[in-house]
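Being a predicted model, the structure only gives us computed values, none of them experimental.
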Amino acid sequence: CTSIIAEDKNGELFHARNLDFGLFMGWDLKKNDWAITEALRPMIMNLDFQKNNKTVFKSASFAGYIGVLSGVKPGVISLTLNERFQLKGGFIGIIQWLLGQRTAKWSSFLTRDTLTSATSYQMAKTELSKTELLAPVYFILGGTKSKEGCVITRSLNKTDNIWEMSAAGGWYILETNYDHWLPPLFIDDRRTPATLCMNELTQNNLTMAGLYNVLSTKPVLNKLTTYTALMQAKSGSLETHIQKCPDPCWPW
Amino acid sequence: FVLKPFDGKCVTDAYPPKSSTTVPNLTINLDLPAHDRWKEVAIKYKDSMKSLIGDLKKLVGSVPVVGDLIIKIIDNEFEKIIPTLPAPYADELLGMADYSGINRGEILLYNIFYEVFTV
């Protein structure tokens, strides 16, 4: 996955993400694609969670998936979740749950709870960084005001790091699936091309279209990419597009 | 597969994407009982969900040594996990299973796959 929060010259924040999933989960020889990734694409949808006929939050999701991996709460926050690969991963969490240790939360449920209840960027940040989790993840959180963007690096019991957009170099913050203070795996470096393309885009020319273009650049776009979601917390907009990487393309 | 280094060329004309990339918009009414909120999705997408979950199970079952054991746990134990989940998730998952006709344990597998199998 690749998530980006960026701020234009007028202080408007944009949040975009590629959701990549299905690595090593079977290869479809006919379609030249990962089998699970290909199966997920027709199941992508935008969901509008409403109470009293009013939107509480929106999410880009897969049919039948009740948690949230990408969502926006109008006027409050935008939020995406990227997988963090660790030996002490989510399977430890489920074993603990099976053994009766149930104090931690499922990450995608915490994301949904936060979108449901948060009334401010700060409140969301606290909730996402303090709650015990069942799987290590990166939360990429955006707000409505200038500089409100951060990446929260989570392990099961604690927050390992909170990386603020202002500290990342100014006008954008970008997360793939690696700790930002470490180099990415050399055969899975989407960070370098995405960063290069963001710098080429420039803050002056930042638009949702520009972010979509960055996320459509190979290998940021790859065979695992199911969709690109474009969000803005201030307006509450959510635009989702099914993605497919035409050959020749990186497998991940 | 292509595993050559990034060529330094950034895409500048992908937006607007083709209309075929558009996704449907659905509403989840939180005023409904949790069990019934996903009825429309469950009925409309049950075949796709069944097929996908079947693929996931095949994949999990193919894990050397422990594959069969994991499948047994999914089939026999996962259903028991659902009532232990906090509200409204337990009832929502039960509703999803009831309206789609998919085994409850399999519905849970699908919903936790992204975060559990990070290894």
### Side chain / backbone / both / neither for B:Lys44 at chain A, heavy atoms under 4.5 Å
neither
### Query
So what's closer than 4.5 Å to chain A heavy atoms on B:Leu85: side chain, backbone, both or neither?
both
### Portion of A:Glu239 that has a non-hydrogen atom of chain B nearer than 4.5 angstrom
side chain
### chain B neighbours within residues 191-204 of chain A, where any heavy atom lies under 4.5 Å away
A:Pro193, A:Leu196, A:Cys197, A:Glu200
### Summary
Bottom line for A:Asp113: the part with an atom under 4.5 Å from chain B's heavy atoms is both
### Message
Within the structure provided, determine whether B:Asn111 and A:Ile66 are in side-chain contact (heavy-atom separation under 4.5 Å).
### Response
yes
### Task
Report yes if some heavy atom in the side chain of B:Tyr110 is under 4.5 Å from a heavy atom in the side chain of A:Phe62; otherwise report no.
yes
### Query
Based on non-hydrogen pairs under 4.5 Å, which of B:Leu32, B:Asp31, B:Thr12, B:Ile102 is most in contact with chain A?
B:Asp31
### Task
With a 4.5 Å cut-off on heavy-atom pairs, point out which of B:Ser20, B:Pro16, B:Pro24 contacts chain A the most.
B:Pro24
### Message
Once salt bridge (charged side-chain N to carboxylate O under 4.0 Å, His left out) is applied, do any residues pair with A:Arg112, and if so which ones, sequence neighbours excluded?
### Response
B:Glu92
### Message
Given heavy-atom pairs under 4.5 angstrom as the criterion, report whether the side chain, backbone, both or neither of B:Asp13 touches chain A.
### Response
backbone
### Query
Taking A:Asp189, A:Ile36, A:Val56 one by one, which has the highest count of heavy-atom pairs under 4.5 Å against chain B?
A:Ile36
### Message
Strictly less than 4.5 Å between heavy atoms, which residues of residues 46-56 of chain B line up against chain A? Please order them by number.
### Response
B:Ser48, B:Met49, B:Leu52, B:Asp55, B:Leu56
### Task
Sort B:Leu59 into side chain, backbone, both or neither according to what part of it lies under 4.5 angstrom from a heavy atom of chain A.
side chain
### Message
Filter on side-chain hydrogen bond (donor to acceptor under 3.5 Å, both in side chains), then keep only pairs touching residues 60-72 of chain B, sequence neighbours left out; what's left?
### Response
none
#### Entry: Whether B:Tyr114 and A:Phe21 hold their rings parallel, tilted or perpendicular, with breakpoints at 30° and 60°
tilted
